[in-house]
Chemist: 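Below you will find the structure I want to go over with you.
Note that the numbering runs from 1 along the sequence shown for the chain.
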Amino acid sequence: MTRYVQAAACTVILLILTGCQVMELPERAEEKMYVKVKEDGAGRYWFSRGDQEFLSLGVCTVLPREWNDFPVGESYNVMGKSDGNLTAWSDAVQKRLIGWKFNTLGAFSHYSLFNSTSLYHTRVIWFRNWYHEGRDMRLVDVFDTNFVRDVEVDAAKIVPSCATNEYLLGYFVSNELPWYGERGWPTSANVSMISRYMELQKNAPGKERLVSFLKEYYEDDFSALTAEWITKAESFSDLLNEEEIIARVPRHKLAVSAWCGVVAETYYRMCHDAIRRHDPDHLILGSRFATKVPVPVIEACGKYSDVVSVNHYSRSGDFDEKLMGAVAALTGKPVLITEFSWRAEENSSGCRNNAGADVTVQTQQDRADAFERYATELLKLPYMLGYHWFQYADQPPKGRGMDGEDSNYGLVDIADKPYEILLDSLSEINSRSSEIHAGSTEVWPEYDPAVLAEYREIGLPDTDALADPLLFADVSSGRFLWGDYKNGAKLSAEETGGGRLKISVTSGGGWGCGVALTPQIALVPPSRRDGNILGAREIVLKVEADTPLLVGLTVNESGNGPPHKQVYEGEGDADGESFTHLPIRLEEGPREIVFRLADLTLNPNHGNQRGNGVVDTDAIASIDLYFPPGQTGGLIRLESIQVR
């Protein structure tokens, strides 16, 4: 579709700290055709440019070499093949991608490719992408005028030079933003958008806005707030003087979600306006969500974006139609998958697959099979606009510099040799993608709020309570340790005199660590491995601490496994769910700590995410002590775990 310049609309008013300035949009030719989103009259969505309708079939991180320097042969680097000539490399890699039936350069690809007349491309604008003292500050403090200024500066750096490029698909508003946790996905129950804004100083605009929000959310009833949160403050105004707030019960997630929506509305409006000041034509493609974020965030993103982008990995190869359908139904916008892939133990780079999204399969044929199933399911949905594979080349076998990822995600190995089995499947599906999509008979989904819910109350079996307490675990029980060792977690558990388990804890800077204890043999039915504690209402820890320590609890049903596990086969009524209890501050000295089963919530990091929502106490595989990150030198002595 030909678009004509509107001659009168070439100035805007830009508010910055120093006052108002008039900025002119860059001049554009009158006969430019930019990529748009189009509905074809039958409910199917496409990208379009002029008379062409297409899906975006892309590859992320198309680069001539690894970002960090590695010795020759230890990472992908093909600059020697082209004698350092980026044009020669660009021509060669485009020829490859077109031969494999791709049409888009995904996020993080090399700038030398962006003037291509044969491939579409995307640009990530790193709005406020900076860290302070190791903390991710991209969303803190969006209410500060300095933040507004920085967003405008970031937009001005990249958007004007792209504004007339007809092969630009659109802009991503940052990447995998930390809407909860530290890196865009859950890390700790006590790290949230509310806790991050509480850390701000008293006079910070975001701190004042948070306190105002909390007062409104809890209807000016401070006791309602303290029913869900632990704080030293005694009134809403006192909150301005406090820098810490700790969740008390799972229901606090509703307040966190609502506050995320307030932040998201401000952030996305700000970024949208900054882009549009320099470019009124190109698409805004969302933020490449790390699969699932709070509902109000998705709503705000959809309001200020033309497309919602999601990074969605699936180890099983099953595409999550319910999740993506809920995103489309909630926003009314089509969805683009902007990161997905699989990594195989069998690879020619020597990648160990220790770090990165855990989508590990055994062989290259397994990668091809998983892609074929995933892509075919995706393409049949009318609201999907395509997919971007992550990534072009394998990661360094010794781990990339920024985070140690060492995975066989590539279409080619570090010696630039293509994975032919995988690429045969990719090329075949890519070539039929429009045909598959055009044949879709699915309808736009109805919104199901349960699919995206951040919080739901859990149930307990309808049975009589236990008559007497039961010993679930003590020093004689089976156990195993787990933790984010890559980010500094250290954990040991050893028997001591007096029938106690001595647990030494340094939980590191990642997602923490824990110790899982399996049930006493007296609780395990014949030919089973999981404990029957039917009728339990509470879990009681008998423990002594040498130093104050935050301790949480995880209850794992029989059949539990990672969230991407294809089948959860539990004993009894169990369906493989995992539940967590918010951490409790354990003070020095001996004591009993009581965790109510009714205060558990579904664990988003482990277990069946689509289970029955009931703690099936007839088949419990383990009860874990969990130590949130940021704790050093903790020491406790566990005497027993009882249920009653």
Chemist: Check whether Glu339 reaches the backbone of Ile337 with its side chain - one donor and one acceptor, N or O, closer than 3.5 Å.
Modeler: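 Between the backbone of Ile337 and the side chain of Glu339 there is no qualifying donor-acceptor contact (under 3.5 Å).
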Chemist: Is there a donor-acceptor pair closer than 3.5 Å between any side-chain N or O of Glu571 and the backbone N or O of Ser558?
Modeler: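 Pair absent, no side-chain N/O of Glu571 close to backbone of Ser558.
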Chemist: Would you find a donor on one side and an acceptor on the other, under 3.5 Å apart, between the side chain of Asn603 and the backbone of Thr580?
Modeler: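 No; zero donor-acceptor contacts below 3.5 Å.
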Chemist: Testing Leu452, Thr331, Val327 one by one against Tyr447 for a side-chain contact (heavy atoms from CB on, under 4.5 Å), which residue passes?
Modeler: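 The option that passes is Leu452.
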Chemist: How long is the span from the CG atom in Leu177 to the CG atom in Leu139, to the nearest 0.5 Å?
Modeler: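 CG of Leu139 is found 5.0 Å from CG of Leu177.
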Chemist: Are Phe371 and Tyr387 an aromatic pair by the rule of ring centers under 6.0 Å?
Modeler: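 Yes; Tyr387 has its ring centre under 6.0 Å from that of Phe371.
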Chemist: List in chain and number order the residues that pass ring pair (Phe, Tyr, Trp, His ring centres under 6.0 Å) with His110, two or more places apart in sequence or in another chain; answer none if no residue qualifies.
Modeler: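 Partners of His110 by the ring pair (Phe, Tyr, Trp, His ring centres under 6.0 Å) criterion, ordered by chain and then number, come out as Trp89.
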Chemist: Does the salt bridge (Lys or Arg N to Asp or Glu O under 4.0 Å) test come out yes or no for Arg269 and Glu265, once each step is laid out?
Modeler: CA-CA 6 Å; Arg269 181 181 66 247; Glu265 171 71 23; 3.5 Å; yes
Chemist: Quick one, Asp413 with Tyr419, criterion side-chain hydrogen bond (donor to acceptor under 3.5 Å, both in side chains). Give me CA distance, side-chain angles, the key distance, then yes/no.
Modeler: CA-CA 7 Å; Asp413 66 15; Tyr419 288 105; 4.8 Å; no
Chemist: Any side-chain to backbone donor/acceptor pair from Ser431 onto Glu428? Under 3.5 Å, distance only.
Modeler: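 Looks like yes, one N/O pair under 3.5 Å.
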Chemist: Do the side chain of His278 and the main chain of Ile158 share a donor and acceptor less than 3.5 angstrom apart?
Modeler: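 No, because the side chain of His278 does not come within donor-acceptor range (under 3.5 Å) of the backbone of Ile158.
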Chemist: Within this structure, what is the NE2-CG distance for the pair His437 and Leu381, rounded to the nearest 0.5 Å?
Modeler: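 Rounded to the nearest 0.5 Å, the NE2-CG separation comes out at 8.5 Å.
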Chemist: Could you pull out the closest heavy-atom pair between Arg276 and Asp306, with the gap in Å?
Modeler: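 Closest pair (atom of Arg276, atom of Asp306, distance): NH2-OD2, 3.5 Å.
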Chemist: Nearest 0.5 angstrom please: Lys101 NZ to Leu57 CG, how far?
Modeler: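 The distance works out to 11.5 Å.
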Chemist: Before you tell me yes or no, could you show the steps for Asp320 and Arg610 under salt bridge (Lys or Arg N to Asp or Glu O under 4.0 Å), namely the whole-Å CA-CA distance, both residues' side-chain angles and the distance that decides it to 0.1 Å?
Modeler: CA-CA 11 Å; Asp320 197 334; Arg610 300 286 169 79; 3.2 Å; yes
Chemist: With Ser56 as reference, evaluate Leu385, Leu336, Thr122, Thr338 under the side-chain contact (heavy atoms from CB on, under 4.5 Å) test and give the passing residue.
Modeler: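 Of Leu385, Leu336, Thr122, Thr338, side-chain contact (heavy atoms from CB on, under 4.5 Å) with Ser56 is met by Leu336 alone.
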Chemist: Counting C-beta onward and ignoring hydrogens, is there a side-chain heavy-atom pair between Tyr304 and Asp273 closer than 4.5 Å?
Modeler: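 SC-SC contact between Tyr304 and Asp273 ruled out.
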Chemist: Can you tell if the side chain of Pro296 reaches within under 4.5 Å of the side chain of Ser257, non-hydrogen atoms only?
Modeler: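 Yes - at least one pair of side-chain heavy atoms lies under 4.5 Å apart.
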Chemist: Can you pull out every ring pair (Phe, Tyr, Trp, His ring centres under 6.0 Å) where at least one residue sits in residues 315-338? Sequence neighbours excluded, please.
Modeler: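 Every pair satisfying ring pair (Phe, Tyr, Trp, His ring centres under 6.0 Å) with a residue in residues 315-338: His312-Phe319, Phe319-Tyr374.
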Chemist: Which word best sums up how the rings of Phe108 and Trp126 line up, parallel for under 30°, tilted for 30 to 60°, or perpendicular for over 60°?
Modeler: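 Answer is parallel, since the angle falls under 30°.
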Chemist: Between the side chain of Glu166 and the main-chain N/O of Met33, is any donor-acceptor distance below 3.5 Å?
Modeler: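 Checked: pair present.
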Chemist: Angle class for the Tyr392/Trp100 ring planes (parallel below 30°, perpendicular above 60°, tilted otherwise)?
Modeler: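 Tilted: the ring planes of Tyr392 and Trp100 meet at 30° to 60°.
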Chemist: Taking the six-membered ring for Trp, is the centroid-to-centroid distance between Phe340 and Trp389 below 6.0 Å?
Modeler: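 Between Phe340 and Trp389, the centre distance is under 6.0 Å.
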Chemist: Between Ser433 (side chain only) and Asn430 (backbone N and O only), is there a donor and an acceptor less than 3.5 Å apart?
Modeler: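 The answer is yes, because a donor-acceptor pair under 3.5 Å joins these two groups.
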